[in-house]
Q: 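Have a look at this one.
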Amino acid sequence: MRMRVSEQDLEALSIGAAILGTGGGGDPLIGKLMAQQALAEYGPVELISLDNVNDDDVVFPVAMMGAPTVFLEKIPAGDEGYRAVTRMERHLGKKVTALCPIECGGMNSMIPFVVAARMGLPVVDGDGMGRAFPELQMETFSVLGVPGTPACIADEWGNVVLFETIDNYRLESFARACTIRMGGYSHLVDYPMTGKQVRDTAVRGTVSMGIHLGRAVQAAQRGHRDPVQAVLEATRNTVYGHGIRLFAGNVMDVSRRTTDGFAVGRAQLQGLDQYSGQTMVIDFQNENLVAVVDGHVVASVPDLITLLDPETGIAVTNERVRYGQRVVVIGIPTPEIMRSEAALKVWGPKQFQLDIPFIPLEEAYPEFYQQVGVPVEKDFRLSTPRAASRFDGQVERHG
Amino acid sequence: MSHRLGIDVGGTNTDVVLLNSDSEVVAKTKVAVTTDIVTGIRTAVALVLDKSGINPADITHAMLGTTQVTNAIIERRELNDVAIVRLGAPATKAVKPLAGWPLDLRDRYAQYSWIVEGGHEFDGREIAPLDEAELQRIADFVKGKVGAVAVTGVFSPVNTSHEERAARIFREVLGEDIPISLSYQLGSVGLLERENATVLNAAVSNVAQRATLSFQQALIDLDVHADLYLAQNDGTLMSIEYALLYPILTIACGPTNSMRGAAYLTGLTNAVVVDVGGTSTDVGVLVNGFPRESFVAVDVGGVRTNFRMPDLYSLGLGGGSLVTESDDGVSVGPKSVGYRIVEEGRAFGGSTTTFTDVAVALDKAKVGTHQVELPHDLAAEAYQSALQKVAEAVDRMKTSAKPIPLVLVGGGSVLLPNEFEGISEVHRPENFDVANAIGAAIAQVSGRVDRIFAMEKKSRDEVLEEAKSIAFAEAIRAGADASTMEVVEVEEVPIAYLPGNAVRIKVTVAGTLASYNAETRTNTARTGTNANAGQ
């Protein structure tokens, strides 16, 4: 598949990427406006599927790293990503042939388009998480053995810092420290890959999925149909599983604190309509981690948990969720590549100090998934004897 | 004895109330809005003076809520050219000013727009030293070409110095009279929305000036020489001097005034407020006596902004709403005869069936001058469908399933019943029909702070105290009596990925006007204090 991405597509992507951001990932608004300005200035960008990537292509993931709140205030200069990419080319002595996002959730869905427009490069339809995660080692690229470095970050002044680290955890740590000195965020190129590597390791079709979700919301808004239902239907026959409505309610309490730079907190929802009398608790660390209804875990990381505004279908991020707000909570099964044993060691519940096993949505809601079905690659889950109950234990976050 | 005038100029009526120093309603009136607005105000104020027999000289304060500024933006009327200056280069160039604006406005405003070196980082460091020479060049270039200046600096809510220095440079070149809007006065963190609000503010500065000065003149014509205040979106007041600088803050004061009035008239601080007018119904929620703020960025005339706005659910349903029959059944609204109800509505001898006529026919309300006969089934179905809409809106705005009181205000509220599902009790306060003007008259002044604080070296309590003391100081600067000030809102949002456990803290406090308190206590003449609300 090849498609020319227009400014309208970016509009749709900003809506879809916020849904895939699972409460974090940053508001895509500024990223969208940057990409739209870049497209207006340099022309359209082509989105190509992984199947159109050749073995010896050179693919750079490009992203923004740092504090989304700062990004909303100190908008980028626009050429930071370009500087990081060209510096990486010089370092490797190779010309880049395509760019890709490291995460398709939130603002980072947009950054590759800013650079791609300027350089006349295509963007690859796939990313390293199929959602948003807080740290640089939380990438399928990393899980499947691609080194994060050489990596480089750039600021609006033209400062570029190049990293060579012994592992991807250290890349995360050093790049984060440097980013703070750059004023709170930087632009980043890491996990430089061959075409074969990106084909073998990326989560497929996630950028077009974001556009698809956004278009579904827009169509529902125009047609005065239920936008939440439209989102759920749009997940059908994708690399994700069918999305499910988990809860509807009013936000009764939001507690938040910052710990080591992470926005950690908990939102409590009081049920409405068929959920009347029930309470949902959502724990988040930048992104939503776990959703618990009356003591039962109903969804957990890495499956996607997203709060939507029931009127508009627009995702409600954890920075914006407030007391009194009415929301619908949906779950979307994460792509299978995100659920491997090696993957869960990097982003399973335990990696976020949650003492619970990961139970896929299909297992928590077997009846629903018997009905709607799951993608072929996930079929085994419904036939396993484990397809049983949700986890009913205590959910306590340690540390 | 000192008196206060509360004036609310809405879409249909100009409401005026006269309150005595105990805040009791001495006289009230409603007159139709006139095209020039001012004639209606003059007529209405003259009427309450006449009714009450109060000497105009005894009126010490006049509080005005107006939609003039809103209409100017929506109708693109009398907007002036603006020099748009952003302080942030080399950062921020990736999204130029006016991004996302409607094309007609963008085309018009893009010609005088610049991004200049300057601005600050989240922690107050400079991004770049302010390029004063460039600002000087811009000022010389726009001299005689623009009617106002809008300056927005990166992280100006954290450090105001570059915006203020830029203002001084423009002031020197362009003179004392040109309005200069500074973004830190208008919005919070979020550069584009704050910049948008600042540019809009600058664009309406001439309209606002003409409107405000003609209001002032209307009162002077009637020998009312009061301190004049304007109601703003958050339910508090600003002095006329401040309103001239920041007119955009008046943009949603109408529904806010109704809600504040509802709170005052019932003594309730947490309730749902339903304000029924001629063409529309606004449903809002009082939290600690003030309207709950909107969760989302609000579009004004197609431009995304982030200044404080009340969280409202508006329905196209009012006393003048048309009743129509179709294959799908009977519906009420959103079309309305508006103020023409007194000629066209059946209850007034006309031939158009409105929501009012339905209520009258069913004997749910006594309005108008004529008996209304309607087929019972039609009337019952129409009434039910209208009630359903209101009930849904009320339920949507409630924060929990727990029953909560509801206050009915506005002229059309007589049409609604005394019971709603999920509502503990329905209040119909006396003077409900002029709740908005009362809300303006009893409004307080506020102070606020919205900044990023580091919690590394201080405890949460210390940081909150620091934020509160800044807000208190702002309120006092705005003219509040320190002994009456209360914290209205506290919000903390931790900022991810910043060192020092950074938290964005927003605190709002409000208090009674010190000048008013001084007068009511001593019953003396005007103190001449210039209140200055906002921030």
Side-chain angles (χ1 to χ4, degrees), chain A residues 24 26 29-30 33-34 36-38 65-70 72-80 114 134 155-158 176-177 179-180 183-185 250-252 256-265 270-272 276-277 286 309 311-312 314 316 318-326, chain B residues 86 88-96 99-100 115 119-123 125 127-128 154-158 188-194 285 287 292-293 295-297 304 306 311 313 395-402 452 455-456 460 491-504:
Chain A
L29 172 75
I30 301 291
L33 293 171
M34 284 172 71
Q36 285 178 331
Q37 185 172 314
M65 166 171 203
T69 310
V70 174
L72 286 181
E73 178 68 27
K74 190 181 75 167
I75 295 164
D79 53 5
E80 296 94 335
V114 178
D155 71 8
E156 70 271 13
W157 282 98
R176 191 76 57 191
T179 290
I180 296 297
Y185 68 80
N250 278 318
V251 179
M252 291 314 292
R256 289 182 267 232
R257 64 200 155 87
T258 41
T259 306
D260 304 329
F262 292 118
V264 175
Q270 187 167 13
L272 286 165
S276 190
N286 299 3
D309 178 278
E311 296 302 308
T312 60
I314 301 295
V316 180
N318 291 323
E319 285 193 346
R320 298 214 168 176
V321 69
R322 285 214 233 169
Y323 172 82
Q325 208 165 0
R326 178 176 280 209
Chain B
R86 186 195 289 170
T92 79
K93 287 180 175 168
V95 182
K96 297 196 178 101
I115 304 177
H120 295 89
E121 304 280 7
F122 67 92
D123 53 8
R125 283 181 278 160
I127 295 173
V154 173
F155 276 114
S156 63
V158 173
S188 47
V189 175
L191 184 80
L192 290 184
E193 289 97 337
R194 192 172 74 251
V285 178
V287 178
R292 186 171 71 198
E293 275 185 49
F295 297 124
V296 290
R304 185 177 154 124
N306 68 346
D311 182 23
Y313 193 82
D395 188 49
R396 200 182 290 279
M397 295 301 287
K398 280 175 56 185
T399 54
S400 84
K402 263 188 282 182
I452 295 173
M455 289 224 189
E456 203 168 35
R460 177 171 172 274
E491 196 191 328
E492 302 170 62
V493 179
I495 310 293
Y497 298 116
L498 283 190
N501 289 344
V503 178
R504 179 173 165 190

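All values derive from a computational prediction rather than experimental measurement. Sequence lines set the chain letters: A, B, ... in the order given, protein chains first and strands last, and positions in each chain run from 1.
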Q: Can you tell me how far CD1 of A:Ile180 sits from CD of B:Glu121, rounded to the nearest 0.5 angstrom?
A: 10.5 Å
Q: On the ring face of B:Phe122, is A:Lys74 found with NZ or CZ under 6.0 Å from the centre and within 45° of the axis?
A: no
Q: Name the member of B:Ile127, B:Val189, B:Val95, B:Leu192 that forms the most heavy-atom pairs with chain A at distances under 4.5 Å.
A: B:Val95
Q: Between chain B and each of A:Ala263, A:Gly183, A:Gly24, count heavy-atom pairs under 4.5 Å; write down the option with the most.
A: A:Gly183
Q: For B:Thr92, does its backbone N or O pair with a side-chain atom of B:Arg86 as donor and acceptor, under 3.5 Å?
A: yes
Q: Among the options A:Ala177, A:Gly277, A:Pro134, pick out the one with the most heavy-atom pairs lying under 4.5 Å from chain B.
A: A:Pro134
Q: Counting C-beta onward and ignoring hydrogens, is there a side-chain heavy-atom pair between A:Glu319 and B:Arg504 closer than 4.5 Å?
A: no
Q: Counting only heavy atoms closer than 4.5 Å, note whether A:Glu80 contacts chain B via side chain, backbone, both or neither.
A: neither
Q: Shorter than 4.5 Å, heavy atoms on both sides: which option in A:Pro76, A:Gly78, A:Gly158 has the most such pairs with chain B?
A: A:Pro76
Q: At a heavy-atom separation under 4.5 Å, does A:Ile314 approach chain B through its side chain, its backbone, both, or neither?
A: neither
Q: Answer yes or no: is there a donor N or O on one side and an acceptor on the other, between the side chain of B:Arg292 and the main chain of B:Met397, under 3.5 Å?
A: yes
Q: Where on B:Arg460 is there a heavy atom nearer than 4.5 Å to chain A: the side chain, the backbone, both, or neither?
A: neither
Q: Taking A:Glu73 for the side chain and B:Phe155 for the main chain, is one N or O donor matched with an acceptor at less than 3.5 Å?
A: yes
Q: In terms of heavy-atom proximity below 4.5 Å to chain A, should B:Val503 be classed as side chain, backbone, both, or neither?
A: side chain
Q: Within the distance-only criterion (no hydrogens, no angle test), does the side chain of A:Arg326 pair as donor or acceptor with the backbone N or O of A:Glu311 below 3.5 angstrom?
A: no
Q: Is it the backbone or the side chain of B:Ile115 that comes under 4.5 Å from a heavy atom of chain A, or both, or neither?
A: neither
Q: If we define contacts as heavy-atom pairs under 4.5 Å, which of B:Ala99, B:Gly190, B:Ala128 has the most with chain A?
A: B:Gly190
